Number of protein chains: 2
Amino acid sequence: MPSEIFRKDKTCCNFCLERSDIFACLKQDELSVIGENRSEIHFKAGELIFKQGTPAAHLLCLTKGMVKLYIEGFDNKNLIIGIVKPVEYILGPGIYVDSKHHYSAVAMEDSIACLVDANIFKTLIHSNPAFADEFIRKVSLLSISNFQQFISLTQKQMPGRIADVLLYLSGTIYESSTFTTALSRQDLADMSGMSKESAIRILKELKDEQIIAVEGNTFEILKRDSLEMISQTG
Amino acid sequence: MPSEIFRKDKTCCNFCLERSDIFACLKQDELSVIGENRSEIHFKAGELIFKQGTPAAHLLCLTKGMVKLYIEGFDNKNLIIGIVKPVEYILGPGIYVDSKHHYSAVAMEDSIACLVDANIFKTLIHSNPAFADEFIRKVSLLSISNFQQFISLTQKQMPGRIADVLLYLSGTIYESSTFTTALSRQDLADMSGMSKESAIRILKELKDEQIIAVEGNTFEILKRDSLEMISQTG
DNA sequence: TATATGGATTGATATTTGTCATTACCTTTG
DNA sequence: CAAAGGTAATGACAAATATCAATCCATATA
């Protein structure tokens, strides 16, 4: 349960406390440790939050805005592996391996994030088994969703991949059949592993077939069934 | 350090103890718990060890043979996400999420594996922070290597992908520039996300260019530099 | 030995997808 | 207003890749 001091302090980690399930199992004094060792950072839309290959020593908890995570590949081609929205935290796999970032993060919109030293996080995992379980559960969920994207990108043709991206954005990220996104067409292409032109073409086809409506950066899923069918048939 | 009783008992978990780094941080009594609660299973080449979608409640530690892990996609197409050799353990992400397998495992050769109840594993993670760290480290490493494969499969063309598979087999799995594998051409295709025929064609090209030698299921890397170049240039 | 079986190989062809060039559109800036 | 810059959209074309069919080859089986 949230303590009084956190209720009063209407910033970052307090907010996290109320939303992100992973903090639910922390005791009051453990939350205090986090609260005392965090720094809140504001990012403007488009700003780089951290870059692949640089040293990583912090857990990042997003409290406002939206962030895209992407692996930088060859020829300046990126692969977007996920979108993060409040209140969700980002803790790359490098923390336990080589203390480096293995993907980059960019603020898609003006965003606010809290940084907590990774060592504090590790200490909590040692001292609180339930917290450790929650953390491993989180990592496992991420791994499972990676598998999904893996299959989508390697075994489906372009319409199926675009369908998956649209269903992901509508279902998981914006939680609405209509959504306006800060993602560019290039970003959608980077999520579905194709060229920008191909992404545009597939979107136009879906639009022509009245399966979706597109108006600039506003999308509406008109026939979810059809989209799911396209996702299935690859 | 291995205890006397484990030294005497020359089977599964004792062997694991001597090899797999994750067990190094376990205390003697903790190892005993594992030792008392394991069952050793023999698999013939080609046998299914567990199937995607079925209930998962065990940690599997491979002590002999070789196992391929693959995601079953659409149209009977598989994506091989990794090869496991002794002494390595397999603990899918489902254990902490939905207690189901999220990929299938098949014995490539005659294999022996020990099964340990996942709950025992979870208990150890609670009681032994160093073990928890090792485990999370392992999961993180897996995640990082997933990213590598992700980029390889989505951003490289066929020669680059085949090069990556050959370098993986030579470097990580067989640890030799010459190796004979139980993997079929279809398996190599399933590792690199292409059709069997395409895989065969690329292998032939590499052979024609004297970069590798192929004789049935025996491969030899003749020019590692060239192969790495092909991997880089996609 | 003859015959089946399954993987490996090859060639021809069709499909998918990327690249390149051009234009349109929209916003910002001088 | 005009110019500039960026994203979006479109068409023509080229490259990458899959599919299909046929053949080869080794091994198992009758």
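Given the structure is predicted, the values throughout are model-derived calculations rather than measurements. Per chain, numbering begins at 1; letters A, B, ... match sequence-line order.
- Salt bridge Glu209(B)/Lys223(B): absent, no basic N to carboxylate O contact under 4.0 Å.
- Computed from coordinates, the Met158(B) CE to dT19(D) C1' distance equals 13 Å when rounded to whole Å.
- Residues Ile95(B) and Leu59(B) have side chains not in contact (no heavy-atom distance under 4.5 Å, counting atoms from C-beta outward).
- Looking at heavy-atom distances under 4.0 Å, Ser195(B) makes contact with a base.
- Nearest nucleotide to the side chain of Glu197(A), out of dA8(D), dA21(C), dT17(C): dA21(C).
- Applying the 3.5 Å distance criterion, the base of dG18(C) shares no donor-acceptor pair with the side chain of Arg201(A).
- Atom NZ in Lys196(B) sits roughly 11 Å away from atom P in dT19(D) (whole-Å rounding).
- Using a 4.5 Å heavy-atom cutoff, the side chains of Tyr174(A) and Phe219(A) are not in contact.
- Note: CG (Leu203(A)) to C1' (dA9(D)) measures 11 Å, nearest angstrom.
- Checked options Gln149(A), Gln148(A), Lys156(A); the residue passing with Asp164(A) is Lys156(A) (criterion: side chain to side chain donor-acceptor pair (under 3.5 Å)).
- In this structure, Leu153(A) atom CG and dT17(D) atom P are separated by 15 Å, rounded to whole Å.
- One side chain, Ser198(B) or Ser195(B), offers a donor N or O that lies under 3.5 Å from an acceptor on the other.
- Within the 4.0 Å cut-off from OP1 or OP2 of dT17(C), not a single side-chain nitrogen or oxygen of Ser198(A) is found.
- To the nearest angstrom, P of dA18(D) lies 12 Å from CG of Asp190(B).
- Atom-to-atom, NZ of Lys207(A) to P of dA8(D) comes out at 13 Å; the value is rounded to the nearest Å.
- Of the listed nucleotides (dA18(D), dT17(C), dA8(D)), dT17(C) has the atom at the smallest distance from the side chain of Pro159(A).
- Between Asn217(B) atom CG and dA26(D) atom C1' there is a gap of 12 Å when expressed in whole angstrom units.
- Atoms CZ (Arg185(A)) and C1' (dA24(C)) sit 14 Å apart, rounded to a whole Å.
- Distances from the side chain of Ile200(B) to the nucleotides dA8(C), dT17(C), dA8(D) place dA8(C) closest.
- Set against dA18(D), dT17(C), dT10(C), the side chain of Lys204(B) has dT10(C) as its closest nucleotide.
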